[in-house]
Protein chains: 2
Amino acid sequence: MPTLRDVARKAGVSVSTVSHVFNGYRDIPVVTRKKVWEAARELDYHPNAFARNLVSRRSHLLGLVVPGRAGMRHPFLYAVICGVAEEIAGTGFGLTLSVAEEVDHSWREEVNRWKEQRFEGLIAMGFAEDHPVAKAIIESGIPAMLVDTILEGPRVSWVKSNDTEGAAAAVRHLLSLGHRRIAYIHGLGGQICQERLDGYRLALSEAGIPFDPQLVEVADFTKPGGYKAMNRILSRTIPTAVFAASDMMAFGAMECLRDRGLRLPDDMAVVGFDDIDAASHVTPALTTVRQFGDRMGREAARTLLDFLDGRIDKPHSTLVRTELVIRRSCGYSSKSRSIASGLSVQDTAAAE
Amino acid sequence: MPTLRDVARKAGVSVSTVSHVFNGYRDIPVVTRKKVWEAARELDYHPNAFARNLVSRRSHLLGLVVPGRAGMRHPFLYAVICGVAEEIAGTGFGLTLSVAEEVDHSWREEVNRWKEQRFEGLIAMGFAEDHPVAKAIIESGIPAMLVDTILEGPRVSWVKSNDTEGAAAAVRHLLSLGHRRIAYIHGLGGQICQERLDGYRLALSEAGIPFDPQLVEVADFTKPGGYKAMNRILSRTIPTAVFAASDMMAFGAMECLRDRGLRLPDDMAVVGFDDIDAASHVTPALTTVRQFGDRMGREAARTLLDFLDGRIDKPHSTLVRTELVIRRSCGYSSKSRSIASGLSVQDTAAAE
DNA sequence: AGGTGGTACTACAACGTTATAGGAAGGGTG
DNA sequence: CACCCTTCCTATAACGTTGTAGTACCACCT
């Protein structure tokens, strides 16, 4: 690999001059500049990032911390990653993947890497608030943005969906369709779950409907979990609609309902949360609260970069809006359409 | 950030000694070793990777090249990424994400980064054989493994599913259920598509059934594309089963069939390819050819590391086996079960 | 002639490591 | 007592950049 010296020799100038050309010093006349560019091009010169980082004491590296195969929210991650990448493109920062595998403790090794590679910032997603990796991020002192993990520090904040509002919108939609007994399949996890429950209760209380614990069951965000939770609810009481804190759990609930001989959406309306790919492919297509992973990624990256470049003094936390995607799983009514102004009505039909 | 010098001062030894301790030179007595470790721990010392890389002339960095939002095969990518990460864990190599955005040509910037960061190897996925990024990889001279892109060079090879065999297995399954008129929804893309078509034709010819172009339509790997292709086939002829080159297209076909009033699987059997998440959630659950993204990632990473560490002279190309996942979309028959030995029968039921 | 100012460069000391060569004790051998 | 091993440690020169300070040269003004 050619070095600055090789370019200097070829161009007939000193190493300093070449460096100055590449770093945009302006006391270099055009002729010299041309000579240097020419020589660099001919040698296929690429500045050595390590040498550069060493002396400039900056790495221009961001770490993207994602959970290993055990982590939840898989379908979501790639969207966030793309958002981050898009926002970072053109800023000169690089993005290093740090897969924090929880089962074999190999994430400790990753934490060391953050330090050794002198990461300037971290973007992490999919970790619960009490997860050891979340703790390691805070303790590392590296500026960080957390996606869906509500943790703050002097150099750390978060980006998440407006879960409360999203859940409330879903329940309001069911209310607008005339439902009064709305079951809720609660998810077991971080603070986000609590907020979705808050949204459920908020919408009910707005409508003057008392909260009924009989209608609520907790599950583990999986499809079988949703199936079982639905079963437990049905063994106690018969609601007319069910809202699940994730699409996967909603799928489980749908299966359970079908196994019990109920027709969807006629006998029971179902709403999910996330808008994963599969939501638009199931039958009936699932009405759900869409999360914008790409926007969350963009927002996280933008805030982090603003902080690193000194444009803001402290990274701020942000709520990203959600969107209720109305499909067939709770039926249609002209009433719902008029009330749900600003909401998106989307069809899965693919006719010509 | 503390340096080797700080540690040396604290431990009362020279810089060289500290370096030797960390690099496992063996002519250091245990007492000194202890002193150094102690000092490093107290100072929270982390060796500067840039300085180390600079002098050792190695980066220990691998680039993971993925397409931007425009790229296909999204649901697949995270599995491959996890496989790569798992295989790399513990080898001391780092993984840098390189999102090659095609629309704004910002991928050229990424190519520069490969050189500047002195990446030792690349793993790329989701690019067609004639994609500019694929070309850039070959031209870069950096050892690379391509996932699902059939391109070779002295330091480049590929990993892909055994698409021909996978497609053939799917068609053989349909044949074993008694189907004789099997439609095929062909995908438009790289060499992979051709191989799936080959598999379709292979299985037919094994059964002595002539290839009928009337039964084949091409689509663009999307759900609407599958819908339209199915429509075109049905306007010409009525098959008893349809095999699609991707699950997404199979979903489109299913919707089209339903819109035409056909019952699945009774009136028409459907098989897909990929086994994306949604395949097990649709009704009827889709029988499909599973691809093992994680294994492909692992294989790519392992081969690349073997080559970089000199354990092999040339990276070799590999076919990863597929697996026919039998669900409800083509019905059950005792015959099929006995014939499809070694194949997996999987149920989507989530009962307690 | 001497001073001032600008232009177009260059020399050199960092940055934090590693690797090579070498040196100072201490102990055994002839 | 001179010699040679070990054992343990250190000095020093890289690695490829950047940034600061400085120099050489020429032109212009008084």
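Naming convention: chains lettered A, B, ... in sequence-line order (proteins, then strands); numbering from 1 in each chain. Keep in mind it's a predicted model, so treat the numbers as computed, not measured.
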Review point. Just checking, any donor-acceptor pair under 3.5 angstrom between side chains of A/Ser106 and A/Glu101?
Key: no
Point to revise | Separation of atom CZ in B/Arg33 from atom C1' in D/dC9, rounded to whole Å | key: 13 Å
Exercise for review: Under the side-chain hydrogen bond (donor to acceptor under 3.5 Å, both in side chains) rule, collect the residues that match up with B/Trp107, sequence neighbours excluded.
Suggested key: none
Review point. Taking all non-hydrogen atoms of both residues, which atom of B/Val147 and which atom of B/Ala300 are closest, and how far apart?
Key: CG2-CB, 4.2 Å
**Study point:** B/Pro29 or A/Arg5, whichever maps to the more 5' nucleotide of DNA chain D
**Key:** B/Pro29
Exercise for review: Any pair with a residue in residues 116-130 of chain B that passes side chain to side chain donor-acceptor pair (under 3.5 Å), sequence neighbours left out, goes on the list, sorted by first then second residue, please.
Suggested key: B/Arg58-B/Glu120
Point to revise | Criterion side-chain contact (heavy atoms from CB on, under 4.5 Å) against B/Met125, the qualifying member of B/Leu77, B/Val159, B/Thr149, B/Asp148 | key: B/Leu77
Review point. Under 4.0 Å between a Lys/Arg side-chain N and an Asp/Glu carboxylate O for B/Glu38 and B/Arg41?
Key: yes
Review point. Between atom CG in B/Leu4 and atom P in D/dT12, what is the gap in whole Å?
Key: 17 Å
Exercise for review: Please say whether more than 12 non-hydrogen atoms of neighbouring residues, nucleotides or ligands are located less than 6.0 Å from NZ in B/Lys314.
Suggested key: yes
Point to revise | Spacing of B/Ile123 atom CD1 and B/Glu87 atom CD [to the nearest 0.5 Å] | key: 9.5 Å
Revision key, fill the gap. When rounded to the nearest 0.5 Å, the distance separating CG of B/Leu61 from OG1 of A/Thr96 is 6.0 Å
Point to revise | Nucleotide D/dG16, atom C1' - distance to CD of B/Glu116 in whole Å | key: 13 Å
Review point. Side chains of A/Trp114 and A/Ser140: donor-acceptor distance under 3.5 Å anywhere?
Key: no
Practice item. Could you tell me the separation between the CD atom of B/Gln117 and the P atom of D/dG16, rounded to a whole number of Å? Key: 16 Å
Point to revise | chain A contact limits on DNA chain C, taken 5' to 3' with a cut-off of 4.0 angstrom to heavy atoms | key: C/dA8 to C/dG16
Practice item. Given side-chain contact (heavy atoms from CB on, under 4.5 Å), test A/Glu299 with A/Met296 step by step and report yes or no. Key: CA-CA 5 Å; A/Glu299 175 62 29; A/Met296 294 165 76; 5.8 Å; no
Exercise for review: Any chance you could measure A/Phe76, atom CZ, to A/Phe292, atom CZ, to the nearest 0.5 Å?
Suggested key: 10.5 Å
Practice item. Using five pairs at either end of the helix from C/dA1-D/dT30 to C/dG30-D/dC1, determine the angle between the two local helix axes and round it to 10 degrees. Key: 70°
Practice item. Taking only the side-chain nitrogens and oxygens of A/Ser19, find out if one of them lies under 4.0 Å from OP1 or OP2 of D/dT18. Key: yes
Review point. In residues 37-61 of chain B, which ones come under 4.0 Å of DNA chain D, going by heavy atoms?
Key: B/Leu54, B/Val55, B/Arg57
Point to revise | Contact under 4.0 Å: B/Thr32 side-chain N or O vs D/dC9 OP1/OP2 | key: yes
Point to revise | CG (B/Asp313) with more than 12 external heavy atoms under 6.0 Å | key: no
Check your understanding: Given D/dT10, is OP1 or OP2 found less than 4.0 Å from the side-chain N or O atoms of B/Ser14?
Key -> yes
Any protein N or O atoms within reach of nucleotides 20-27 of chain D? Criterion: under 3.5 Å, listing atom names and distances.
none

